[in-house]
Amino acid sequence: DEGVFSQMICKGVRKMLGCKAAMVSYTQASRARKILQRLGYSCEVRRLEHIGPEGCGFVLTVHGNCSHVSSILAQEGIPFQRMQEERDAW
């Protein structure tokens, strides 16, 4: 059983663009990670050290284009609070 304070790393094939999504809960972050992993994305759920105004302390980091990731999460009904794209995030 994975604890909420552990990091989870998915092995995948997508590189270059990085996308970070502030998640509404650990449960939703974990669901998103599993779905994206099945689709071949590298991703990680991290607990944030400093919780911002969003309230949740977890961020989903994905190797991939934010618009693609956002579309996948929307299609799967997984809520997130905000998404930020980064080049070479890892």
Side-chain angles (χ1 to χ4, degrees):
D1 188 53
E2 298 174 20
V4 295
F5 297 107
S6 67
Q7 284 189 3
M8 295 173 289
I9 299 172
C10 316
K11 305 270 185 232
V13 296
R14 313 225 181 220
K15 303 283 181 196
M16 292 159 80
L17 287 180
C19 184
K20 290 187 177 185
M23 302 304 292
V24 299
S25 70
Y26 174 78
T27 301
Q28 296 300 339
S30 183
R31 259 185 78 211
R33 179 189 55 83
K34 289 175 187 175
I35 288 165
L36 291 167
Q37 178 183 15
R38 282 197 300 264
L39 294 173
Y41 287 88
S42 272
C43 56
E44 182 176 71
V45 174
R46 292 186 182 170
R47 184 175 189 276
L48 296 175
E49 299 268 331
H50 305 317
I51 298 173
E54 296 86 16
C56 177
F58 295 94
V59 66
L60 175 71
T61 304
V62 184
H63 281 301
N65 182 293
C66 274
S67 63
H68 295 157
V69 172
S70 178
S71 294
I72 292 166
L73 297 184
Q75 184 176 16
E76 295 293 330
I78 299 175
F80 58 91
Q81 294 173 332
R82 63 182 167 80
M83 201 168 280
Q84 176 182 337
E85 194 162 292
E86 299 179 340
R87 293 229 175 253
D88 300 321
W90 284 354

Could you tell me which non-hydrogen atom of [X] sits nearest to which non-hydrogen atom of [Y], and how far apart they are?
X     : Y     : answer
Tyr41 : His68 : OH-CB, 3.8 Å
Val24 : Pro79 : CG2-CG, 3.6 Å
Gly64 : Cys19 : O-CB, 3.6 Å

[atom1] of [X] to [atom2] of [Y]: how many Å apart, nearest 0.5 Å?
X     : Y     : atom1 : atom2 : answer
Leu36 : Ile78 : CG    : CD1   : 7.0 Å
Leu73 : Gln28 : CG    : CD    : 9.5 Å
Met23 : Arg31 : CE    : CZ    : 9.0 Å
Glu44 : Gln37 : CD    : CD    : 12.5 Å

Legend entry - From CA spacing to verdict: side-chain contact (heavy atoms from CB on, under 4.5 Å), Leu60, Cys43: CA-CA 7 Å; Leu60 175 71; Cys43 56; 4.3 Å; yes
Inset, instruction - Would you please name every residue forming a side chain to side chain donor-acceptor pair (under 3.5 Å) with Thr27, sequence neighbours left out? - result: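 For Thr27, no residue satisfies side chain to side chain donor-acceptor pair (under 3.5 Å) once neighbours in sequence are set aside.
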Legend entry - Residues in side chain to side chain donor-acceptor pair (under 3.5 Å) contact with Gln84, at least two apart in sequence or another chain: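 Applying side chain to side chain donor-acceptor pair (under 3.5 Å) to Gln84 gives Glu86.
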Legend entry - side chain to side chain contact (heavy atoms under 4.5 Å, CB included) involving Ser70 - partner list, sequence neighbours excluded: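 With sequence neighbours excluded, Ser70 shows a side chain to side chain contact (heavy atoms under 4.5 Å, CB included) to Phe80, Met83, given in chain and number order.
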Inset, instruction - Using modelled atom types only, decide if a donor and an acceptor are shared between the side chain of Gln81 and the backbone of Ala22 within a distance under 3.5 Å. - result: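 Checking the backbone N and O of Ala22 against the side chain of Gln81, no donor-acceptor pair under 3.5 Å is found.
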